[in-house]
Participant: 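I have a structure I would like to understand better, so I am pasting it below and will then ask my questions one at a time.
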2 protein chains.
Amino acid sequence: MSSAGTDEPVRTRDSAATRRALLTAAQELFAAEGYDRTTVRAVADRAGVNQALLFRYFGNKEGLFSEAVRGEMMELLNAGPPEELLERTIAAMFEPVKSAEPFLAVLRGAGSSGVGADLRAELGAAYTSAFASLVDTDDHDDAVARAELLLAFLLGITVMRSIPGVGTMLTAEAASGHLRRASTALLDSSSGRS
Amino acid sequence: MSSAGTDEPVRTRDSAATRRALLTAAQELFAAEGYDRTTVRAVADRAGVNQALLFRYFGNKEGLFSEAVRGEMMELLNAGPPEELLERTIAAMFEPVKSAEPFLAVLRGAGSSGVGADLRAELGAAYTSAFASLVDTDDHDDAVARAELLLAFLLGITVMRSIPGVGTMLTAEAASGHLRRASTALLDSSSGRS
DNA sequence: CGATGCCGTAAGCAAGTGCTTACGGCCGAA
DNA sequence: TTCGGCCGTAAGCACTTGCTTACGGCATCG
């Protein structure tokens, strides 16, 4: 945990590189430790940068969080057509360490209220509408309910996998089959119309 | 936020009552705010008690957390036979405010590691084994995988419902039908054996 | 009554937090 | 070369955190 993982030792006088180093360090730490437990000193250290620069470039800790996580999430959201978002998300979730992180960062952004509330609402709406568009029904509310359940499912799996000692069987091989089956069942409007 | 909700003004010199007041205040705040954002001062204030007593009775903040949340969870786990745990949990989740709280407290107990790790692992194992026993199959790993997916589903719904502005359709009426259908699909061993 | 043992209180400490400020030095422009 | 504007740094401030300690008071028991 002490040695950095993805940081180039930016010793040059390049503000853009410094910003980038801070953002990647922030993404890693926010995802791994959550917002509260991540200190600005830790982010700056991981980026190999003085902490004062963090405030110069991002204003405050919340500004850094917002920019770091929003960028990471938008990358995944816009990586392809909405019809493939579910597949992309599932695939990302089971990658060794990689792309499940922004989800955790968002969820751990704040306990209940406060930090990143707008961001959470915005991302939730984006995912929900994308999933809801996959439901072939006229009942809008029902489509949204199914989409939100599906998103909750994905979030729950990500959360459980992040808890040490729990979710040992939630591997790609063991779980993704059941996951895809349950997902299509949730999205299939021919079953259990309300 | 400032005025307490469920606290009797314990002015008497009754250590048991003081302990209870601290525990209920802790349950409410840990569930609402998470472990990090909940301060011992806030718990003591909500309980109408001096904060020094908190340390006298529970040793430290983590001891208070452990005792408060463990008791609340064990209550739900042992409220009936394991076969009905799923139904009990779903019912508790959609109660106005009540029993979804301990789940949130456990999840928000710590970002990744540290506080309440043993508790999370213990509760996860209890739920997983209870759900796995409902799967009618000889393939133990498959049963565990299905149980963990189901638990993840429930956790995800609870988490989403706790985020303001997201999960607006995750009400009992709109969602529980789909939820029960997806749950039985996950537990039905006749579909999608690995 | 006097004494002993809890219960409750006030005050504060050491450490860590986000954030600010004043300063030194490298760079390109004039 | 000189100068002005960024980039990077060290130091510290105001505040909150979990936790401790020394003390005052009610109550029970002899």
Side-chain angles (χ1 to χ4, degrees), chain A residues 1-2 4 7-23 25-26 29-30 32-69 108-111 114-116, chain B residues 1-2 4 7-23 25-26 29-30 32-69 105 108-111 113-116:
Chain A
M1 309 298 181
S2 57
D7 56 342
E8 325 134 38
V10 201
R11 296 260 171 274
T12 71
R13 290 170 57 86
D14 184 346
S15 66
T18 302
R19 269 186 66 101
R20 258 181 281 121
L22 282 169
L23 283 176
L29 286 178
F30 281 138
E33 303 288 334
Y35 183 85
D36 289 330
R37 300 185 108 85
T38 298
T39 69
V40 294
R41 283 174 174 82
V43 174
D45 284 356
R46 190 180 191 88
V49 161
N50 189 285
Q51 54 163 328
L53 298 177
L54 190 154
F55 296 97
R56 181 177 301 182
Y57 292 137
F58 302 99
N60 54 25
K61 185 184 178 183
E62 189 167 348
L64 172 68
F65 176 82
S66 183
E67 183 159 341
V69 178
R108 291 178 177 153
V115 187
Chain B
M1 309 293 183
S2 57
D7 55 342
E8 324 133 37
V10 201
R11 296 258 171 275
T12 71
R13 289 172 57 88
D14 183 346
S15 66
T18 302
R19 270 187 64 103
R20 259 182 281 120
L22 281 169
L23 283 175
L29 286 178
F30 280 139
E33 302 288 335
Y35 183 86
D36 289 329
R37 301 184 107 86
T38 298
T39 69
V40 294
R41 282 172 173 83
V43 174
D45 284 357
R46 190 181 191 88
V49 162
N50 189 286
Q51 55 165 326
L53 298 177
L54 188 153
F55 296 98
R56 188 183 326 236
Y57 293 136
F58 302 99
N60 53 26
K61 184 184 178 184
E62 189 167 348
L64 172 69
F65 176 82
S66 183
E67 183 159 340
V69 178
R108 291 177 177 153
S113 60
V115 186

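Just so it is clear: chains get the letters A, B, ... in the order the sequence lines come, proteins before strands, and each one is counted from 1.
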Participant: Return no unless some side-chain N or O of B:Thr18 is found under 4.0 Å from OP1 or OP2 of C:dC7.
Facilitator: no
Participant: Starting at the 5' end of nucleotides 20-30 of chain C, put B wherever the base has a protein heavy atom under 4.0 Å, S where only the sugar-phosphate does, and a dash everywhere else.
Facilitator: BB---BB----
Participant: Let me know the distance between CG of A:Leu54 and P of C:dG18, rounded to the nearest Å.
Facilitator: 9 Å
Participant: In whole angstroms, how far is the P atom of C:dG18 from the CG atom of A:Leu29?
Facilitator: 12 Å
Participant: Within the structure, does a side-chain N or O atom of A:Thr39 lie under 4.0 Å from either OP1 or OP2 of C:dG16?
Facilitator: no
Participant: For the pair made of CZ in B:Arg37 and P in C:dG18, what is the distance, rounded to whole Å?
Facilitator: 11 Å
Participant: Could you tell me how far apart B:Lys61 (NZ) and C:dG16 (P) are, to the nearest whole angstrom?
Facilitator: 16 Å
Participant: May I have the distance from A:Arg20 (atom CZ) to D:dC7 (atom P), rounded to whole angstrom?
Facilitator: 13 Å
Participant: Taking only N and O in the side chain of A:Tyr57, is any of them less than 4.0 Å away from OP1 or OP2 of D:dG8?
Facilitator: yes
Participant: For the residue pair A:Phe30 and A:Tyr35, does the interplanar ring angle fall in the parallel (under 30°), tilted (30 to 60°) or perpendicular (over 60°) class?
Facilitator: parallel
Participant: If we fit an axis to the first five pairs and another to the last five of the helix from C:dC1-D:dG30 to C:dA30-D:dT1, what angle do they make, to the nearest 10°?
Facilitator: 10°
Participant: Can you figure out which of D:dG18, C:dT9, C:dC19 approaches the side chain of B:Leu53 most closely?
Facilitator: C:dT9
Participant: Roughly how many Å is it from CG in A:Asp36 to C1' in D:dG18, rounded to a whole number?
Facilitator: 15 Å
Participant: Taking atom P of C:dC19 as reference, at what distance in whole Å does atom CZ of A:Phe65 sit?
Facilitator: 14 Å
Participant: Counting only N and O atoms by type, is there a donor-acceptor contact under 3.5 Å from the side chain of B:Thr18 to the main-chain atoms of B:Asp14?
Facilitator: yes
Participant: Let me know the distance between CZ of B:Arg41 and C1' of C:dC13, rounded to the nearest Å.
Facilitator: 11 Å
Participant: Assess whether side-chain contact (heavy atoms from CB on, under 4.5 Å) is satisfied between B:Leu54 and B:Val49, documenting all intermediate values.
Facilitator: CA-CA 8 Å; B:Leu54 188 153; B:Val49 162; over 6 Å; no
